Structures are given as structure tokens and as C-alpha cells.
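Nothing here was measured: the structure is a model prediction, and the numbers come from that model. Protein chains get the first letters and strands the later ones, always in sequence-line order, with residue 1 at the start of each.
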Amino acid sequence: MDGAASGGAVDRVGLTLLYKRLRNICDEMAFAMMRTAYSPIFSEGLDFSTLVLDRNGRLVATAGINPAMLGASLYAATWIIREVGQENFSLGDVFVHNDPYRGGSHMPEHMLVTPVYHDGELAAYVGNIAHLAEIGGMAPGSFAATATDVFQEGLRLPPTKLFDRGEPVRDVWRIMLTNHRTPDNTWGDIHAMLGSLRVGERRLADMLSERGVDGLNEAFEQIIDYAEAYMREEIRRLPDGIYTGEDCMEDDGISDRPYWIRSRIIVDGDELIFDYSRSDAQAVGPINAPYVVTLSASLNGLLYVLARDVPVNAGIVRPVRVVAPAGTITCVKLPGPCVGGQTEFQPRVMELVVGQILSQILPERASAASGNTSLNFLFGGVDPRNGEYYAHYHFEGMGWGGRAESDGNSAQIVPHANCRNTPVEIFETKWPWVHENYRLNDDSAGAGRHRGGLGIERILEVAGDVITVSALCERMKRSPWGIFGGSEGSRTNLEVSPAGSGDYRTFQEAFGLVSPSKFTNIRLHRGDRVRITSPSGGGYGDPLERDPYAVARDVELGFVGRSSARAHYGVVIDAKGDLDEEATTELRGRLADGVE
Amino acid sequence: MTDRNDGWHVGIDTGGTYTDLVGVRGSEQRISKVPSTPPDFEKGVLDSIEAAGIPVSEIGIISHGTTVATNAVITNRGSPTALLTTRGFRDVLELRRHNRGEPYDIYWDPPAPLVVRRNRFEISERLDYAGDVITPLAEEEVRLAVRTAARRGIGTFAISFLHSYVNDAHERRAAEIVAEELPGAFVSTSGALLREPPEFERTSTTVVNAYLAPVISDYLRSLETQLRQAGFAGRLYVMHSGGGLLTLESASRFPARLLTSGPAAGAKAAEGVAAVASTGAVGSVKATEVLAAAEGLDEVISLDIGGTSADIAVVRGGKASLVHEFSPQFGQPVRFPAVDLITIGAGGGSLAWVDAGRLPHVGPQSAGANPGPAACGLGGTQATLTDANLIAGRLPVDVNLAGGVHLDIEAARQAVGDFASELGLAMEEAALGIIDITNNNMARSIRVVTVERGLDPRDYTLVPFGGAGPLMAAELSDILGIRQIVIPVAPGVTSGLGCLYVDIVHDTSRAHIVALSEADRAVLQSIFDDLAEGMRETLADEGVAQDRQRLEHSIDLRYLGQVRALNIPLRDGLVPERFQNEYREAFFNEYERQFHSVAIDIPVEVAALRVRGVRVSERPHIPFGGGAPSFTPRIRRVLTGDGAVDAKVVQRASLPVGTSLGGPLVLTQEDSTTWVPPDWQAEVDKLGNLMLTRGEDR
Amino acid sequence: MAWNDLAKLWHDTTVDYCDVCGNLLIARFWGFVSAATGESKRCCDERCERLYYRLREIDGNAQAVPGGISGDQAEAKPR
């Protein structure tokens, strides 16, 4: 009954079963990785994915922990295999790869892939992709916002053997550990990844002894075909046509100018083309996307809106074409830098697809712009408590955009990822900072029939002698947009206050930087404070149509200020804090007529 | 303390729909199943005792599993609560961990915090990561907050300050102030509940605890009062999520521990059924002896399938596996040990449907009790698992479901036929498909609680119960490679039985972070001694005699630099001379078992020490009542994956002890139906349990 | 219109891109000469060649595509 014989009734059922089993293998691989991790970015952040691939390296199943890695999951392994040559793989080999010019998303994300054999025959591959917190390069945390080429972003590895027939390739390990600033973490986290591969190998071995190599690969093919059919059916339901939209990256950290992403979606029967060819040429700084990042953004936008239950594998991309010409910001050419493409460009494009383009067809599934910056804040230094060097890659939650059915969520990670925060207690135990606060940023959300979610505010004080900080984020110059009459959300802010002063200025003002949101290697000293404010979401629909009681509730909870309630929603709250219905009706009437 | 032998020992499990009771006194036993009576669940409890015909005055011990806590959280009917936090951190509940349950669901709404924002008060105070004071506690601010909250009619307080897991002095002082300002207020401090980071999980736990406290203590007080008025003179215990018993006092202080009280009772039942079955012992047996004697049956998967959902748990080494955290909803964690349960939307009422890619699915949506399966004739038109089982011939057509509902096979055919034509299948194929898919959904969940923990389900015995458990068990076992199934005497009330199978259990722990190689034996010993002493006091406070007390020590270890730790059980509370080697080795063994890899050259670190206190109970069973010597089976046609077969239909109660029959068989009883496929053998053991084994040729 | 090898020396670690979609070319490419412009193109496979002509067709007949609103970015942007 677990079989996938061709055609017939039990076949359809068998397919569901087989896919569930594969998903389960991916989940187990993920679980092993989380439990054995060294960096909070693994164990707390869950910034990784696990993969099962067929014997040609095509993705069959993945634990969808981090959708941002979708494009790399679809292509990186295929390309490793093609470049190395399938005949050059052996039992016990493990390849590592982080090259954004070979299917990777950005360099911190390392892919490990290992072949699985059955009776001496190559049967499949298992792999994983995970964000290592430190991989060298010009700034601690390896997120160099002022890099002007990929060589400044850390150690780049083309497909490279980490294990050769079960034996560690020591020279490769030594090169990696020498070039990363926190080699102990690299050592531990890569071991967590290796353990996860072994879990996957063992579980696939069971399936192979049941079905054999050909049998299993035929079943894989059916699962991939099924995903394709599912996507085609969903696309067929959309009206044919060309739908366009555009948005921009506000700057690239090097010069003060926006970079425009221009997208059109062509719905053509049961196929769909994303065309980005009218976008700006690639930037000098690291906001460019490798092809797979643009692909991820496009596909994830589709999946969120159309097909969130489809098996995520090589089949979903068959009816979809993504045109992102090399040399544009949507497909960076060597040696352009691109570390921010994954975290900043991808959410921008995803929300362009969901909120601006597909909203023309499916307004009930659309949302306004979310904060949509990962708000990467990087730091490193020597911990005075133990004399050891540390480095960390920190990201922040923000407000999501208002949606057709409900307000945007507050304090949520960028929608294209699903990572967790690092709790304050873990943060302060691991690194020499003390938090003054960590809270919702009140009265900041874009107004709308459904308002945006709130961003957060975090104030940190340096508790080491010197900490070197860098940042790579967006939405400091341009606000998250509203849709269908909703207002803009609030912006990112990154500020600093010298020890004992209490005056906050942007890093740009304090240190004379080109960009307020993208900088590297600023040295802060004991007692200096950093204030991070993440953006809030845009509103969905006309704020004057929002339930006045919902506004009154927001005022009571402090999410919306009294004067904002009046100015944006036309809602009057009386001295006792209750809704004044009469005054509200009257004020809303005047606002609707354009008076006041 | 009242001895159990003086009176009836009664297990009562209150579920959302039914209240199950199993009572035992010597060789006498009674069972009953009555409707639950929300929101006044205590009425159902008294009803169940009356239905069982047990005089209340003759009851020695009541062990009670209840859904009251879960219900209060789900329906937002806890008590208005105030939260005191460190200044700057009142939004910790709303910030959560920033993630969502399903990565591709961007329409998810997080649960509303149980404490509304205006009732979250920030207090000036601050400790650093090591527990040293940066800012002293501003006592006046606490007083002001309490007065403000009191003016708003709030009498329940949760206190959760940063780093209190290292040092909870500020929390304790704040709690004193609350008591001074508002005598009689309920206060829950995070450090007293949970000595571990991080702040979100600890605060969430503390808030759930405070939020439930008045509801739970009111319920328990009312229940006790009503029982006393009815003449009850024994002791009343409540089941906690970790599968132990709490006194009413403890349950009222730690109500968050009751969140999966009911399902935990089911897991304990499976534990007990298997343990007792394996020894073949009759009468009550000391649990410890049972565990020691058990051979092969101490590895059990418990499966309770009801109308809308199935609860799955794992018994390892004779004990139900525990996890350290349970979330009623994603984003609302409660970090107390809970039986490692998975609840999935798979039950008799689960609906069959077809997705956009034309693949069939079953559940998690359910027809529930209303409209119910199509065959129930209450207006349901969509095919359900029950309809499929009926068509497959596995549910006798003449059976009456609870509530006196008669099954209508024509309605089932209509509904399954509609589903079949959407897929282009014959109706019978579709019915089998629904059963297969359900089994595989359950198999995946069983793998989550076994394989993901490094356990192989093939090494386990399945203990299925609830209305539909025995119906699905054999084919589910085929998928998982399970070879042995034990079906309890009365599957429908087995959760009630589980309440009889539990010990009183308390857990305590202390974070202690040090490299194992640098750990000081005397320090470890003194922490264990402290924890043990506190635990003995706790047990003594509950009137547990010295010879009934058992302490279980364990230590959390990890590789230096790792964030997560593994819990390693220890023989006893004595730290051996060569503890560094012994602990390291135990850690490597467990690590290898779970993660298939060990690096012996990385240093190991101690994260926390734990002591669990147990009051050891005796373990009764339901004596087997039936056994008419002869029977005349009827024959009916049953569909299987390999074609239709002729199965004997037999009343289970007519089978004498020792009977052995080969499948295909349909065994009927009042509260459940058992399906024995062709390759399976059924045997009635000495205790009346049904032991199914898979043929060797498979 | 044929498959071509993209053989590289082992010490050449540069990469190549598809002229149509931008994706990576590894080991081999599909070459064709545009019937419209006479340029020679290196691309992923035949699908990319078809995509090339399909896009030209759509752009040449934008008005004819049902429901089409080609070109004007600002017009499509919701307010």
C-alpha cells in the first residue's frame, strides 16, 4: 500500500504517503540540526533548510523551515553535481558550497550535500543549507554592507570536498577554520549539519531497501510531476494577462540613490513568466540578488498566495519562468557583492509580487508592505568575561502589512523567512551587551481598514570594552507602502548614543556615513548605546472604514495614539477613554469630504 | 493517609465530550461513560460515579484527569491577570519568538496575549546575566502597580523578571509586596515555576499559570465540596500533563501543569496496560515491581482515537516519554514537563476531501458530533472515516454509537460515492483510500514521536483505545512494522483507567553552567542534596510516607558552546568519584543514539541538575468480566487492500481467556470495535486484554 | 540550434549566464541564432529559446493579450 505503482487508485494514495515520509525525513534532519547546534542562529534562529534530492540532484522534498532558501534548494545541488560530474562522487563524500555564483543565495549560507548509495549504485542525495554566523570577510558577522565585490564578503567555496570517502579533507577544513573569525562555532555547526545528513542517509536507506534505486527514483519523479500539475492547475485559474509593478532598494551603501526593481508577471494559460528585465543595472554595493534569490522571491510570492500546501520540489518551477538578465540587480554578475540580496532584496520582491502584482488579480489574498528588512545588525569583539573572540549575526522582527481579513502581525520575522529571535537572556549570556528595553514600537503602524503590525524597539548598551558593529538594512528612507487606500507604515531607525549622553543620532550623522542603513566596522565603546527600531507594516484599505471600536481598543492598548486615531481614522476617544460615536461619525463625514 | 484498600480507587477522566470512569476495589470493578457537562464539569464527575453505581462514601482515592485547564485557555475563560515585568520588557508576550507555525502561512494570526497590555506593569529592577543586581527593585513601583491592578478588579498576578532563573530574589520580594498590598491575591513568580531561560517561554508559562489559578482552584474546591457533601471521605488527586498526580493544593498552585491532564491519562493507561499485561499478574501490583518484571512490553505506543482527534504518546522503558514544553496554541508555550503527546485531527468524524492537484486527503477538519459522519443521518453529507469503515465492512451495520445513533449505510455510500467520483475511483476503492490515508497520517505522527526521538517504532507494542483505536490499529501497525498490539479490556474508558495508573510526581531543577571537566563534585552533590531535600519536604507536605517516596536524579549535559542540552538520567543522587567520566560516557551514548554522531574531542558542559519526586502507587487493572464458553459467529464481507474477505463477526465478551483466533475477524463490544485483518492473530490474555500479533510470514 | 560544450580548464572558476533568463550555465549550453535580430544566443535549453520568442511575441502584440496592461508601471501600482 505504500507503493507508487503506475496509474490507478492506490497510486494516488501511495503518492501522498510517500511524500509524507520524505517530509518526515527532512523534519528529522532539521530536528537533529537544531538540537546539536552551536550558534543561536541555528538553535534559536532556525536559519536552515534540509533537503532530499533524486539521483540527478533535483529537489524532491524539503523541510520548509526557511522559504528564503527555496531557490538555492532547487538549483545549488543540481549545479554542484553537474560541475563536479556525477561519476566523480563516491560513498562517504560530502561537498560543501556557498558560492552565490553557483546557485547559492549568499555566502554565509553553506550547503552540504552527500550522495546516498544502495548496493553500490548512486540512488539519491541528501543535503542541507544553513547560515553560518561568521565566515570571514571585511566585517565581523560577515554581512559587509559596504563591500564592493564578493571577495570582501567572506570565504567563497565552489563545490569542495569536505569529506572524501568518509575521511575529512583536512586541508579544506583548515582553510575554512583559518578564515572564519569564530572557528569553534564553524566546527560545531558544520558537525550539526553533518549529523543531520547522516540522519537523512539512514532513513533513505530504509526506503531504498523497500523499493530499490529505480523504484524510488520513479516515485520521486511522480511526486515532482504531481507538484507541477498542482501549480499548473492553480495558475490556470488566474486570468491571462500582463500585470506589472515596481519597487526599489533605497540605496546600496555606497552611493545615495535607489535601485529599481521592475517586474511584470505574464499569465499565459497554465504557465507564468516573471520578467525582471527592465530592472536597474546591478548596484556597486551588496544589495544585488543572485538569480536563485530572485527565483525564490517570485516562487514564494506565488506559493503564499496560490498554493501554500503544494509539495515544495523541482515540479513547482516547471510551469514558471523567471527572466532576470545577468548584470541587473536581479541577477548579479561576478564579482558583484550580494550578501544583502537574500535578506533585503528578496522580501522586497516577494511583497512586490504579493502586494502589488497578484493583488490586481486576487485582492482577497493580498497584503500591504511589511517592514520587510531583515535588519541585519552584526557585531564582534573580545568578550571581557572570558577573553574569547565572538561574532554574531543578529536580525529583527518587524510589523507585517495589513491583510484582507486581519491586521498585520506585530513583531514578526520577514515573511520570506521563518527564523526566531535570540532571546534577551541568551543574548546577554553569550555576548557583552545589556538591554535597556525590547518592546513594540507604539503608534507606528500604517493606518488602514486593517492596519499594519507594529515594529519593535530595542536599546542595547555595550558592556565590553570595544564592540565592532555593522549593519545592513533597508526602509530607512522609504516607508512600507499601504494598499487599497491604506497608509504607509513607519521606517527603520538605527541610532547611537555615546556613553553617558542620552542623545540619539543616526549612525550616519554620528559617524558621517554615506548610508544610514548600511555601514561596516564602527567601533563602539563601553557604555555606548544602540537603538534599533524596526519598521511597521502598511495599512490595507481605507482607515475611515476601520471598525471604530477596533480603533478605540488600539488606543486603550497603546498601539495607536489618541491623535492618530483622530487624524488617520477619524475616531474620537472621550476623556474616559471610550469611543465617542457621535463625534466619530461627524468627524469621519468631514474627513471623507476632504474637510479638515 | 487513607489506604487505597480501604475503599474504591476511582479514576475519572473528564474529556470535552465524555467523562470516563473506572473504579476498582479488591476484585470488584465498575466502569461508566457519561456526557461531560461544560462549563460545570464537576457535575459530569458526580454523574459518572452515580452511573457506575459506586457509593461515594466508600471511595478511598479519586484520581482525576480533566480538560478544565485546556478548556479555560482555549475559550479565554481564565482570570483577569496582571503581569509585572522588568522595566522595558512588558511586551515579551507579544514579541514572542517572531516566527510562525507554518512557514507558508502568512495569514496566521498570533494568539492574543492572556494579559492585556494595560495590565502589564513595568517595574524598575535589573539583574545581569549572572544574576548580579544592576538596578535594585523599586518596591514603591510594585505597590503602585498592585493598587492600580486592584482598582481594575484584578486579583491575580504573574511576576517575571529578566534573569530570574539565576536569581529570583527580586521576584520573591515583589511577591511579598503583592501579598502585603492585596492579601488573598494569587501570585505566580517565574523563578518558582521554572529555573531556566529564555524569558519568553518562562513568562508565558508563568502567565498561563496565574491566568488559570482561580479557575482551577474554584473548580477543584467546588468539586471537592460537592464530593464531600455527597459523603466522600477519601483523598482527591489531579493528573498533571507529565502523567503524575498532584494534590488539590499543588494543582491549585501550579494549574499550568494541568494543560494536557486528560491525554496524559491515556498515555499512562497504555503504560499500565502493557506493564500489567506483560507480567500476567492478577490483582494489584506495585508499579516498580511491574516495571522490573516487564519483558518486551515496556516499549509501547499509546493511541487514543476519538471522534475528532487522536492522541499519540510513547512509553519507553515502561515510562511515558516526556517533553519539557507544551503549547496550547503556537506562540503560547508552557514549559512544564508533559507527556510527549501529539494530537492530530484524525478520528471517526474526520472529513475526506480532494485538493487542487486532485490528491485525496482526510482531516484535520472533522464533521464533529454535529453534523457527524454521513452515516449518522444528522445532516452530514461529506464522507468521513466512519463512513469509510462502514462501507469497508469493519463497523457492523447494526451497531449503535454513543447517543443511540444508528448507522445508515446508504447515507455512507452516497457520501463516499461523491468523494470517489471526484477522484474517478470506485466507491470501495475510495473507502479503502480514506482508511489508508488516515492510517498514514497517524503513522507520520507516530514517527514524529518515535523516529524524531531516535526510536524505531518496530520495537514497540501498540496500545490502541478510544472508540476507533482498535479498528485502525492492525493496518496502522502494518505500515509502521509494528508486530504486536494490546487492546485493553474496555477501550472506551481506558483514559479513566489511566488515572489509576499514576504516581504523584513533582519536578524541580536548577541551572548550573560549568564545564564538566571543571565541575566540582562537592558543588554538584550539594545542589542535588538541596533539590532532594526540598523535594522530600514537598512530598512530606502531601502526606507521602517515607517508604512511598522515590527520587529520580538527572543532569542536563551538552557540548561546550551548544545551546540545547540532553537530559541524562542518573542511577541515584550520589555524585560518584569518577563522575566526569561516567557522565561524559552516558552523554556520548545518548547523543549517538539520538543524533548518530559523536565527537569525543569536544568538551562537555553541565547545564542543569534535576530531581523528580515520586509517590509510588499500586497499579490495579480491570478484571476481565466476560467469557461465555461457546459462540456462533456470523460472517460478513470486509474490504481489504488485497480484495474482499469473509470475516467472522464475534462479540468480544463471548471469548474465554486463552482463546486464540486468526483473522479476518470483527470483534464487537459496547464501546468499541476491533478489526483483525487476515494476517493477524488475536488472543485473549489472562487479564482479558486482546493481544494481536502479526503472522510470521509477513 | 544545438547543444554545445562549455568545457573549462580545471583552474578556470568563472561562470556563465543564460542570455535569455539569466540562470547559470554549467557544463553545456543550448545555442541558437535569433531569427529576429541575427544575434547568437547561449541559453539553458530549448525552453529558453521558446521563452525568447514568446516574450518577443508578447511585446510585439501587447495590446492583443487579453486583459493585458503592458508597459506602464505606475498605472498598475495600487494606491
Once side chain to side chain contact (heavy atoms under 4.5 Å, CB included) is applied, do any residues pair with B/V604, and if so which ones, sequence neighbours excluded? B/L516, B/L557, B/Y559, B/R584, B/F587, B/F588

Could you go through A/R21 and B/R447, starting from their C-alpha distance and side-chain angles, then the distance that decides it, and tell me whether this counts as side chain to side chain contact (heavy atoms under 4.5 Å, CB included)? CA-CA 9 Å; A/R21 248 179 109 176; B/R447 289 196 178 105; 3.6 Å; yes

Taking A/E425 for the side chain and B/Y129 for the main chain, is one N or O donor matched with an acceptor at less than 3.5 Å? no

CZ/A/R237: more than 12 non-hydrogen atoms of other groups inside 6.0 Å: yes

Are side-chain heavy atoms of A/R458 and B/L95 found at a separation under 4.5 Å? no

Which atoms of A/R365 are under 4.5 Å from chain B, going by heavy atoms: the side chain, the backbone, both sets, or neither? both

So which residue, A/E457, A/E405, A/R385, ends up with the most heavy-atom pairs under 4.5 Å with chain B? A/R385

Do you know which two heavy atoms are closest between B/R117 and A/L440, and how far apart they sit? NH2-CB, 3.9 Å

May I have the step-by-step check of side chain to side chain contact (heavy atoms under 4.5 Å, CB included) for B/R444 and A/D27, ending in yes or no? CA-CA 11 Å; B/R444 181 168 187 233; A/D27 290 348; 2.7 Å; yes

Please check this pair: side chain of B/H98 against backbone of A/A411, looking for a donor-acceptor N/O pair closer than 3.5 Å. yes

Is there a donor-acceptor contact under 3.5 Å from the side chain of A/N418 to the main chain of B/R100? yes

In terms of heavy-atom proximity below 4.5 Å to chain A, should B/R126 be classed as side chain, backbone, both, or neither? side chain

Taking atom CG of B/L359 and atom OH of A/Y19, what is their separation to the nearest 0.5 Å? 11.0 Å

If I take atom CZ from residue A/R439 and atom CZ from residue B/R87, how far apart are they, to the nearest 0.5 angstrom? 10.0 Å

Looking at A/H416, A/E556, A/E234, which has the largest count of heavy-atom pairs under 4.5 Å with chain B? A/E556

Using non-hydrogen atoms and a 4.5 Å limit, figure out which bit of A/D442 sits close to chain B: side chain, backbone, both or neither. side chain

Heavy atoms only: give me the nearest B/I106-A/P415 pair and the separation to one decimal. CG2-CB, 4.1 Å

Has A/N409 got a side-chain atom pairing as donor or acceptor with B/D109's backbone, closer than 3.5 angstrom? no

Heavy-atom pairs under 4.5 Å with chain B, option from A/V354, A/V424, A/V434 with the top count: A/V424

Quick check on the interface: out of A/N300, A/D189, A/N185, A/D184, who has the most heavy-atom pairs with chain B under 4.5 Å? A/N300

Contact class of B/D355 relative to chain A, heavy atoms under 4.5 angstrom: side chain

B/F200 portion near chain A, given a 4.5 angstrom heavy-atom threshold: neither

Name the option with the most non-hydrogen atom pairs under 4.5 Å to chain B; the candidates are A/R403, A/M398, A/E233, A/E228. A/R403

Contact part of B/I134 toward chain A, heavy-atom cut-off under 4.5 Å: side chain, backbone, both or neither? side chain

Ignoring hydrogens and angles, tell me if any N or O in the side chain of B/R118 forms a donor-acceptor pair with the backbone of A/L557 under 3.5 Å. no

Would you say B/E325 has more than 12 foreign heavy atoms packed within less than 6.0 Å of its CD? yes

Note, B/Y107 side chain near A/V305 side chain (heavy atom, < 4.5 Å): yes

Does CZ belonging to B/R152 count more than 12 external heavy atoms closer than 6.0 Å? yes

Between B/N99 and A/R420: side-chain donor-acceptor atoms closer than 3.5 Å: no

Which region of A/T429, side chain (C-beta onward) or backbone (N, CA, C, O), has a non-hydrogen atom less than 4.5 Å from a non-hydrogen atom of chain B, or is it both or neither? both

Measure the CD-CZ distance between B/E94 and A/F559 for me, rounded to the nearest 0.5 Å. 4.0 Å

With a 4.5 angstrom heavy-atom cut-off, is it the side chain or the backbone of A/L306 that approaches chain B, or both, or neither? neither

Side chain from CB out, backbone as N, CA, C, O: work out which of these in A/Q412 comes under 4.5 Å of a heavy atom of chain B, or both, or neither. both

Which bit of A/E396 is near chain B, if near means a heavy-atom gap under 4.5 Å: side chain, backbone, both or neither? both

Heavy-atom distance under 4.5 Å to chain B: side chain of A/E428, backbone, both or neither? both

Quick one: side chain to side chain contact (heavy atoms under 4.5 Å, CB included) partners of A/A404, sequence neighbours excluded? A/Y540

